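The next block holds one structure in the form of structure tokens; read it before the comments.
Just so you know, ligand 1 is whichever comes first in the structure, and atom 1 is the first atom listed for that ligand. On a predicted model such as this, the values are computed, not experimentally measured, just so you know.
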Amino acid sequence: MATVTINLPHHRYDVIIEPGALDRLGALARDLAPHDRCALFVDPGVMNLYGEQVRHALHDSAYKIATHVLTGGEAAKNLDTIREGYDVLLDARLERRSPVIALGGGVTGDATGFIAATYLRGVPFIQCPTTLLAMVDASVGGKTGVNVPQGKNLVGAFHQPVVVIVDPLTLQTLPPRELRCGLAECVKHAVIRDADLFEWTADNLPAIQAMQPDALVELLTRNIQIKADVVMKDEKESSVRAHLNLGHTFAHAIEATCGYGEILHGEAVSLGMLAATSLSVTRGLCDANVRTQLDSLLTRIGLPTTAALPDEATLLAAMRHDKKVADSRLRLVLPTAVGQVTIIDDADDAQLTAAWQTVRA
Ligand code: NAD
Ligand code: GLY
């Protein structure tokens, strides 16, 4: 078992990384959010796999459970889902102290977290991520929210969980495409902070893809620690938390213009990191070798390095809708080496167009 603690000025919580940890959910919830009722919001695919296990764990700790199976997929991460969620909590008469639990990937966690952040102005929230992407990134750090037609994650709130329960055994059933998407966020963490982790990931890729328990626990713990360190320095993204957005302004433009769910988030991040690195090379901020190394690792993982994309004018317009615009200037995170990044806000359209062309199939 490993634990990563997130220590914030107003709140402290643990991320528990342990095979079989889901069986302890009831006991953990009782300690942290004691009440007689709770709500379980669960991804439809995950309900069939782990729903009963989790309901048993909660029953054993004497919770009355309002279970709600969400409509799955990125396309369902919208305000209709949030409205349905409020109805579930109101019908079950959940109170201020009743915990709301998310079981599933980042879509479930982001939407459920937003419901927990806003229902009765905020109730205790427990994250049980079941995708690699949600374990290493989405479940940690308190960002919650939904997409709107104008763009991704444009409506949301910061709401930190009371605990995050990471059970690596759930990764055994994760489709390989989803595992690859999680690895995209792991590569992102390595590129922004940790050259040694980049090398370790490349060396241990076969063990990770074979789901070797030790390799998985090390991958999870190192990545969650990076995310925790960044969040502890800058919870509300006024400085270094922005580094976690490496590739994301490009990625969000891909997701918004290609249709949510067509290209998965981690796949869009893979393309976005490459476009950002191309831009960095063009501007003389990093060596071309960094892009070659990144392309090579993403290719080995099986992530896309090029894709059929809309025209550049459409992509540039979508980028300008992204949250990461300050004073009308597009802020972009660019690698300067493996393990280091910088932020620029003066990329012109010609440079952005050239960067997009490097990831166009
Ligand atoms: P997802 O939640 O859509 O899950 C992907 C698929 O995996 C789903 O079909 C689900 O049914 C299936 N699944 C989940 N766990 C499974 C398991 N153990 N076994 C079998 N199938 C399983 O996608 P995701 O990649 O987890 O999350 C992407 C979302 O996360 C995006 O909306 C993105 O914006 C968000 N995100 C948020 C943050 C944040 O800080 N809040 C960070 C990164 C990404
Ligand atoms: N995934 C970006 C963040 O948590 O800030």
Region of Val140 engaging ligand 1 - heavy atom pairs below 4.0 Å: neither
Atoms in ligand 1 flagged as close to Gly105, the criterion being non-hydrogen separation under 4.0 Å: 2 (O), 26 (O)
Lys/Arg-Asp/Glu bridge criterion (N-O < 4.0 Å) met for Lys188, Asp137: yes
Lys/Arg N to Asp/Glu carboxylate O, Arg241 vs Asp234, below 4.0 Å: no
Lys227 contact mode with ligand 1 (heavy-atom cut-off under 4.0 Å): side chain
Leu133, portion touching ligand 1 at heavy-atom distance under 4.0 Å: side chain
Protein non-hydrogen atom below 4.0 angstrom of atom 12 (C) of ligand 1 present: no
For atom 37 (C) of ligand 1, the protein heavy atom that lies nearest, with its residue and separation: Asp110 OD2, 3.1 Å
Closest protein heavy atom to atom 8 (C) of ligand 1, given as residue, atom name and distance to 0.1 Å: Asp43 OD2, 3.9 Å
Atom indices of ligand 2 within 4.0 angstrom of Lys227 heavy atoms, with elements: 1 (N), 3 (C), 4 (O)
Contact bool for atom 27 (O) of ligand 1 (protein heavy atom, d < 4.0 Å): yes
Proximity to ligand 1 by part of Leu174, non-hydrogen separation under 4.0 Å: both
Minimum-distance protein heavy atom relative to atom 21 (N) of ligand 1: Pro175 CD, 3.7 Å
Ligand 1-proximal atoms of Lys143, by part, heavy-atom distance under 4.0 Å: both
Ligand 1 atoms in contact with Val107 (distance to a heavy atom under 4.0 Å): 1 (P), 2 (O), 3 (O), 27 (O), 29 (C), 32 (O)
Residue Lys77 vicinity, atoms of ligand 1 by number, heavy atom under 4.0 Å: 31 (C), 32 (O), 33 (C), 34 (O), 35 (C)
For ligand 1, the portion of Asn153 having any non-hydrogen atom under 4.0 Å away: side chain
Connected hydrophobic set around Leu28, excluding itself, where side chains approach under 4.5 Å: Met1, Ile16, Leu22, Leu25, Leu32, Leu40, Val42, Val46, Met47, Leu49, Tyr50, Val54, Leu58, Tyr63, Ile65, Val69, Ile101, Leu103, Ile126, Val162, Val163, Ile165
Numbered atoms and elements of ligand 1 in range of Tyr50, under 4.0 angstrom, heavy atoms: 18 (N)
Protein residue, atom and distance nearest to atom 19 (N) of ligand 1, heavy-atom basis: Thr173 OG1, 2.8 Å
Residue portion contacting ligand 2 (non-hydrogen atoms closer than 4.0 Å) for Asp137: side chain
Cationic tip of Lys236 above Phe158 ring, under 6.0 Å, 45° of axis: yes
Min N/O separation Thr108 to ligand 1 under 3.5 Å: no
Non-hydrogen side-chain atoms of Asp349 and Leu316 separated by less than 4.5 Å: yes
Side-chain touch Cys186/Leu219, heavy atoms, less than 4.5 angstrom: yes
His159 and Phe125 aromatic ring geometry - parallel, tilted or perpendicular at 30°/60° bounds: parallel
Ligand 1 versus Pro44: contacting region, heavy-atom distance under 4.0 Å: neither
Polar proximity ligand 2 side, Asn245 side, N/O cut 3.5 Å exclusive: no
Fellow cluster residues of Leu169, listed by chain then number, with links counted only when side-chain atoms sit under 4.5 Å apart: none
Atom 31 (C) of ligand 1: nearest protein contact (heavy atom, Å): Glu74 OE1, 3.1 Å
Heavy atom of the protein closest to atom 30 (O) of ligand 1 (residue, atom name, distance): Gly106 CA, 3.3 Å
Under-4.0 Å heavy-atom contact with ligand 1, by part of Leu49 that carries it: side chain
Side chains of His265 and His248 in contact at under 4.5 Å (non-hydrogen atoms): yes
Gln172, Glu178, Gln127, His265: member with heavy atom nearest to atom 5 (C) of ligand 1: Glu178
